[in-house]
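See below for the structure under consideration.
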Amino acid sequence: MTLITYDDFAKLDMRVAKVISVEEIPGKSKIIKGTIDLGDEKRDVIIGGAQYYKSEELVGRTVIALVNLEPRKIAGIESGAMLLAADSNDKPFWLTVTEDVPLGTGIK
């Protein structure tokens with residue numbers, strides 16, 4: 001494990017988001033295209049673990065997103081954020097909040 005400084009951690013912009021839509025990517029079974037709502041903007045993201053979740057289990061889910069990660073093109077789609085998840089045997093368990101928190105609220 002590599003240790004980071006608090007200054008390194010402070011560079012991460014993590015926010016509460018909601019998955020508002022998902023769609024299959026032709027030829028892909030483990031990833032899907034999603035759109036998240038950050039309160040003041042919407043972004044497309046690539047969501048892994050699609051083989052474990054039905055679309056209706058993801059849409060409407062409140063998640064935590066890393067929003068200042070450099071955009072990356074995956075399967076021809078630009079992903080503008082990364083959803084944070086615990087990983088157990090390659091299955092993501094999406095990090096979230098249990099109370100009603102406004103979309104876009106920062107995580108610290």
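Position 1 is the first residue of the sequence, and the numbers go up from there. FYI, side chains are in, hydrogens and waters are out, and symmetry mates aren't considered; it's all heavy atoms of this structure. Small disclaimer: the values here were computed from a predicted structure and weren't measured.
Atom CD of residue Glu23 and atom OG of residue Ser55 lie 9.5 Å apart, to the nearest 0.5 angstrom.
Other residues, nucleotides and ligands place more than 12 heavy atoms under 6.0 Å from the CD atom of Glu78. Around the NZ atom of Lys91, the shell of radius 6.0 Å holds more than 12 heavy atoms that belong to other residues, nucleotides or ligands.
Residues Ile31 and Ile47 fail the side-chain proximity criterion, which asks for heavy atoms closer than 4.5 Å. By the 4.5 Å heavy-atom criterion applied to side chains, Ile32 and Leu58 are counted as neighbours. The shortest distance between side-chain heavy atoms of Arg61 and Ile20 does not fall below 4.5 Å. Using a 4.5 Å heavy-atom threshold, the side chains of Lys18 and Ile36 count as separate. In this structure the side chain of Ile74 never reaches within 4.5 angstrom of the side chain of Ile77, judged on heavy atoms. Contact annotation: the side chain of Ile46 approaches that of Ile25 to within less than 4.5 Å [non-hydrogen atoms, C-beta and beyond]. Side-chain atoms of Ile107 and Val16, non-hydrogen and from C-beta on, do get closer than 4.5 Å to each other. You'll find the side chain of Leu84 reaches within 4.5 Å of the side chain of Met14, heavy atoms only.
Ile4 and Met1 fall into different hydrophobic clusters, defined by Ile, Leu, Val, Met, Phe, Trp and Tyr side-chain heavy atoms under 4.5 Å apart, directly or through other members. Tyr53 and Val19 fall within a single hydrophobic cluster, where Ile, Leu, Val, Met, Phe, Trp and Tyr side chains are chained together by heavy-atom contacts under 4.5 Å. Side-chain heavy atoms closer than 4.5 Å link hydrophobic residues (I, L, V, M, F, W, Y) into clusters, and following such links, possibly through other members, connects Val101 to Leu12.
Pairing each heavy atom of Ser21 with each of Val59, the nearest pair is CA-CG2, 4.0 Å. Heavy-atom minimum distance, Lys30 versus Gln51: CA-OE1, 3.4 Å. Of all heavy-atom pairs spanning Ala75 and Lys28, the tightest one is CB-CE, 3.9 Å. Scanning both residues, Trp94 and Gly48, for their nearest heavy atoms gives CZ2-O, 3.4 Å. Nearest heavy-atom pair, Ala50 versus Ser29, reported as atom, atom and distance to 0.1 Å: CB-O, 3.7 Å.
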Show your reasoning for whether side chain to side chain contact (heavy atoms under 4.5 Å, CB included) applies to Ile64 and Leu83. CA-CA 6 Å; Ile64 305 301; Leu83 305 187; over 6 Å; no
Passes side chain to side chain contact (heavy atoms under 4.5 Å, CB included), Val45 versus Met82? Steps please. CA-CA 7 Å; Val45 296; Met82 177 185 284; over 6 Å; no
Should Phe93 and Tyr52 be marked as a side chain to side chain contact (heavy atoms under 4.5 Å, CB included) after you check the CA-CA gap, both sets of side-chain angles, and the distance that decides it? CA-CA 10 Å; Phe93 293 88; Tyr52 299 109; over 6 Å; no
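Under the 3.5 Å distance criterion, the side-chain polar atoms of Asn68 are matched with a main-chain donor or acceptor of Asp13. Between the side chain of Glu41 and the backbone N or O of Leu38 there is no donor-acceptor pair closer than 3.5 Å. In this structure, Thr96 contributes its side chain and Thr62 its backbone to a donor-acceptor pair below 3.5 Å. In terms of modelled atom types and a separation under 3.5 Å, the side chain of Arg43 and the main chain of Val67 share a donor-acceptor contact.
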